[in-house]
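Take a look at the structure set out below.
Sequence lines set the chain letters: A, B, ... in the order given, protein chains first and strands last, and positions in each chain run from 1.
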Amino acid sequence: MTVKVRFAPSPTGPLHIGGARTVLFNWLFARRHKGIFVLRSEDTDLERSSEKWERDIAASLRWLGMNWDEGLEVGGPNGPYRQTERLEIYKEYLSKLWLGGHVYYCFCTPEELARDREEAMARGDNPVYSGRCRGLTPAQIEEKLRAGLKPTIRFMVPEETEILIDDLIRGQVSFQSRDIGDFIIFKSDGIPTYNYAVVIDDITMGITHIIRANEHLINTPRQVLIYQALGEPMPKFGHVSVVLDTSGRKMSKRMGDMSVGRYARQGYLPEAVVNFMALLGWSPEDSTEIMSIDQLVEAFDLSRISKSPGIFDAQKLDWMNNQYIRASDLDMLADLALPFLEAEGLAKGLTREWLKYVLAVVRDELQCLAQLPDFIKEFLACPVQVQPEALPPLQLETTGMVLDEFLARLEALPETEDLPQQQQQVQALLKQLNKDLKARAGVSGKAVYMPIRAALTGAVSGQELYYLVPILGKERAVARIKSSRQQAGI
RNA sequence: GGCCCCUUGGAGAAGCGGCUUAACUCACCAGCCUUUCACGCUGGCAUUCAGGGGUUCGAAUCCCCUAGGGGUCACCA
């Protein structure tokens with residue numbers, strides 16, 4: 001049997017990391033088993049759903065590289081893929097339920113129901129529907145209908161049965177039907193309710209495995225009851241735990257924007273985000289952490305998904321993204337980086353060779369591409385402000401001589417556009433300078449390198465000097481040193 | 001309040017009754033390397049698995065209780 005899974009978001013907001021991880025598990029499972037992955041839309045919440053979010057979610061999925069075989073935008077044999085367009089199908093199955101005597105009209109008002117609920121809670125009971133409308137006679141129903149009352153349709157939950165769910169991730173979970181209570185499957189406006197619509201969608205689309213967030217575990221017995229009433233084969237369920245933030249709370253506004261789009265905008269690489277999400281509650285058999293999408297597909301196994309909640313460790317994501325940035329092709333990285341520079345008006349006048357060179361030098365320090373403009377601004381600045389901690393190395397007794405000597409040799413360097421070549425020249429220059437000054441005046445390595453660094457950058461730490469000079473260019477390097485000397489009064 | 005799920009170091013996370021004096025990763029600390037900071041390398045970092053009982057020759061791993069966290073009980077999904 002071909003595996004078929006789906007992701008069925010309600011388009012009421014952007015795709016967030018937690019949701020994306022659920023999709024990823026579905027997607028990996030489908031790819032691993034050469035199955036089909038479906039994307040559909042649960043838009044029955046007319047108030048909050050919008051096509052804008054539908055497109056946004058689809059765009060996020062595409063950015064992550066999780067393509068779908070059937071569903072929204074791509075079509076397929078089991079469409080339409082929007083619940084609001086499937087009303088006929090829901091009604092068709094409803095008539096089967098009527099025939100089997102599994103459903104009934106309910107005329108209770110929201111106010112009545114709220115009162116029942118409060119009373120039950122006050123008694124410490126499980127607030128389930130009382131079943132008040134269960135026993136309405138055909139005549140009573142007829143009368144209310146004629147009076148223009150708009151009923152909901154409720155599913156009749158069998159009494160005193162145990163519902164066993166053999167969950168792929170959590171193992172056996174059991175529920176008592178008495179804790180459930182008859183639930184609404186059609187709202188009074190004729191729109192089906194989530195618990196009913198999903199089941200019909202999953203049945204008609206031939207979904208074999210339902211992998212979804214743990215918050216749906218509690219819905220599962222209701223859905224199982226519908227499958228049973230309809231006499232349809234049961235899919236397998238797997239309930240993935242939620243994602244929490246580092247303080248153990250559910251990810252929320254407290255943590256700010258957790259959408260996938262936000263990570264895209266900050267210059268995280270999709271491969272890194274995917275890799276990171278895969279490890280949020282799942283782990284391969286060996287302890288590999290950096291895994292390509294192909295490797296993930298190859299290694300993915302539902303049985304290795306953890307039952308405990310995954311915790312979103314932003315620091316670890318940064319580390320992982322950095323790993324991917326380090327390993328990226330420089331040309332690709334330059335392409336990805338350019339928009340971030342353009343956004344800050346830094347792109348004009350930059351050659352691609354220079355950008356690539358800069359990237360090669362700073363990529364180790366980059367957690368995400370959005371951090372690049374700050375480096376660029378730093379490199380472009382002239383003069384630089386000398387930081388207080390950079391003053392001591394500038395005020396060494398030998399500093400004046402060191403800088404004079406460095407400047408003289410730097411200016412004597414042959415002109416070249418070849419950055420790597422210039423890097424070699426500077427490296428050789430520094431070595432020689434160090435050697436000469438040690439022989440001549442006993443100056444230590446530190447007393448050579450630190451003053452030059454301080455004068456060149458105004459700071460005491462940064463990139464290797466021989467990388468830095470080609471980035472700055474000879475002219476800017478000379479100007480920066482002169483200005484720093486003035487600032488330090490030497 | 002009822003029901004369901006979860007609980008391993010500063011953080012993530014393996015572990016599925018003996019191979020565990022708890023893997024791996026991040027962070028942190030120390031040493032080495034580079035005649036500079038960083039990078040890199042090497043080493044250190046839970047005698048203990050929320051707490052308490054039990055089962056067993058043997059438990060982080062199985063059972064029970066307590067505590068904490070989360071989910072859910074909608075004419076939301």
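- Shown here are the salt bridge (Lys or Arg N to Asp or Glu O under 4.0 Å) partners of Arg178(A), two or more places apart in sequence or in another chain: Glu160(A).
- Spacing between C41(B) and U34(B) at atom C1', rounded to whole Å, works out to 12 Å.
- With respect to Glu405(A) and Arg409(A), a salt bridge is recorded, a charged nitrogen being found less than 4.0 Å from a carboxylate O.
- Residues meeting the salt bridge (Lys or Arg N to Asp or Glu O under 4.0 Å) test with Asp182(A), sequence neighbours left out: Arg134(A).
- Atom P of nucleotide U25(B) and atom CD of Gln323(A) are separated by 11 Å, given to the nearest angstrom.
- Atom-to-atom, CZ of Arg40(A) to C1' of A77(B) comes out at 12 Å; the value is rounded to the nearest Å.
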Report all interatomic pairs (protein N or O, nucleotide N or O of nucleotides 14-17 of chain B) with separations under 3.5 Å.
residue : atom : partner   : partner atom : Å
A14(B)  : O3'  : Arg304(A) : NH2          : 3.4
G15(B)  : OP1  : Arg304(A) : NH1          : 2.8
G15(B)  : OP1  : Arg304(A) : NH2          : 2.9

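- Rounding to whole angstrom units, CG of residue Asn219(A) and P of C73(B) are separated by 7 Å.
- When rounded to the nearest whole Å, the span between CG of Asn214(A) and P of U72(B) equals 9 Å.
- The closest side-chain donor-acceptor pair between Ser303(A) and Asp301(A) falls under 3.5 angstrom.
- With hydrogens and angles left out, the side-chain atoms of Asn275(A) and Tyr324(A) include a donor and acceptor closer than 3.5 Å.
- Nucleotides U8(B) and G69(B) have their P atoms positioned 14 Å apart, rounded to a whole Å.
- With the nearest nucleotide of RNA chain B identified for both Leu280(A) and Ala8(A), Leu280(A) has the one nearer the 5' end.
- Comparing C57(B) with G51(B), their P atoms sit 25 Å apart, to the nearest whole Å.
- Taking the P atom of each, U21(B) and A60(B) are spaced 10 Å apart, rounded to whole Å.
- For the pair Leu39(A) and Pro9(A), the minimum side-chain heavy-atom distance is below 4.5 Å.
- G58(B) and A14(B) have their C1' atoms separated by 22 Å, with the value rounded to a whole Å.
- Taking 4.0 Å as the cut-off between side-chain N and carboxylate O, Arg40(A) and Asp202(A) count as a salt-bridged pair.
- When base pairs are accepted only as Watson-Crick or G-U wobble with both N-N or N-O distances under 3.5 Å, RNA chain B takes part in stems of 3 or more pairs at B:1-7 with B:67-73, B:10-12 with B:24-26, B:28-32 with B:40-44, B:50-54 with B:62-66.
- When rounded to the nearest whole Å, the span between NZ of Lys307(A) and C1' of G71(B) equals 16 Å.
- Put simply, OG on Ser50(A) and CZ on Arg55(A) are 7.5 Å apart, with the number rounded to the nearest 0.5 Å.
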>> One pair to check against side chain to side chain donor-acceptor pair (under 3.5 Å): Glu365(A) and Gln371(A). What are the steps and the verdict?
In response: CA-CA 9 Å; Glu365(A) 304 168 60; Gln371(A) 292 169 342; over 6 Å; no

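- Under the 4.5 Å side-chain criterion, counting only non-hydrogen atoms from C-beta, Tyr467(A) is not in contact with Val469(A).
- Where Gln315(A) and Arg48(A) meet RNA chain B, the nucleotide closest to each residue was compared, and Gln315(A) sits on the side nearer the 5' end.
- A gap of 13 Å separates the C1' atoms of A59(B) and A22(B), to the nearest Å.
- Note on Arg117(A): only backbone sugar-phosphate atoms sit closer than 4.0 angstrom, heavy atoms only; bases stay farther off.
- Asp45(A) comes within 4.0 angstrom of sugar-phosphate atoms only, judged by non-hydrogen atoms across all strands, and of no base.
- Between the C1' atoms of C49(B) and U7(B), the separation comes to 10 Å (whole Å).
- Look at CG on Asp182(A): it is 14 Å from C1' on C73(B), rounded to the nearest Å.
- In this structure, Phe237(A) and Tyr227(A) have perpendicular ring planes: the angle between them is above 60°, well past the 30° mark.
- No contact: Lys150(A) has no heavy atom under 4.0 Å from any strand.
- Among the atoms of the strands shown, base atoms are found under 4.0 Å from some heavy atom of His216(A).
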>> Output one letter per nucleotide in nucleotides 36-43 of chain B: B when a protein non-hydrogen atom lies under 4.0 Å from the base, S when only the sugar-phosphate is that close, - when neither is.
In response: BBBSS---

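- The pair Asp167(A)-Lys307(A) does not meet the salt-bridge criterion, since no charged nitrogen lies less than 4.0 angstrom from a carboxylate oxygen.
- Contact annotation: Ser49(A) does not reach the phosphate of A77(B) (side-chain N/O to OP1 or OP2, under 4.0 Å).
- In this structure, Thr288(A) reaches neither bases nor backbone, as no heavy-atom distance under 4.0 Å exists between it and the strands shown.
- For U20(B) and C65(B), the P atoms lie 33 Å apart once the distance is rounded to whole Å.
- When the C1' atom of A13(B) is taken as reference, atom CZ of Phe312(A) falls 16 Å away, rounded to whole Å.
- Under the 3.5 Å distance criterion, with hydrogens and angles disregarded, a donor-acceptor pair is assigned to the side chains of Asp436(A) and Gln432(A).
- Between Lys187(A) and C76(B) there is a side-chain polar atom (N or O) within less than 4.0 angstrom of OP1 or OP2.
- Between the side chain of Asn214(A) and the backbone N or O of Val242(A) there is no donor-acceptor pair closer than 3.5 Å.
- The pair Arg6(A)-Asp201(A) does not count as a salt bridge, with every side-chain nitrogen at least 4.0 angstrom from each carboxylate oxygen.
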Atom pairs, protein N/O to nucleotides 2-4 of chain B N/O, distance under 3.5 Å:
residue : atom : partner   : partner atom : Å
G2(B)   : N2   : Asn126(A) : OD1          : 3.4
G2(B)   : N3   : Asn126(A) : OD1          : 3.2

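- Nearest nucleotide to the side chain of Ser188(A), out of C75(B), G12(B), U35(B): C75(B).
- Side-chain contact of Thr204(A) with Arg86(A): a donor-acceptor pair under 3.5 Å is present, judged by distance alone.
- Taking atom CG of residue Leu279(A) and atom C1' of nucleotide A11(B), one finds them 15 Å apart after rounding to whole Å.
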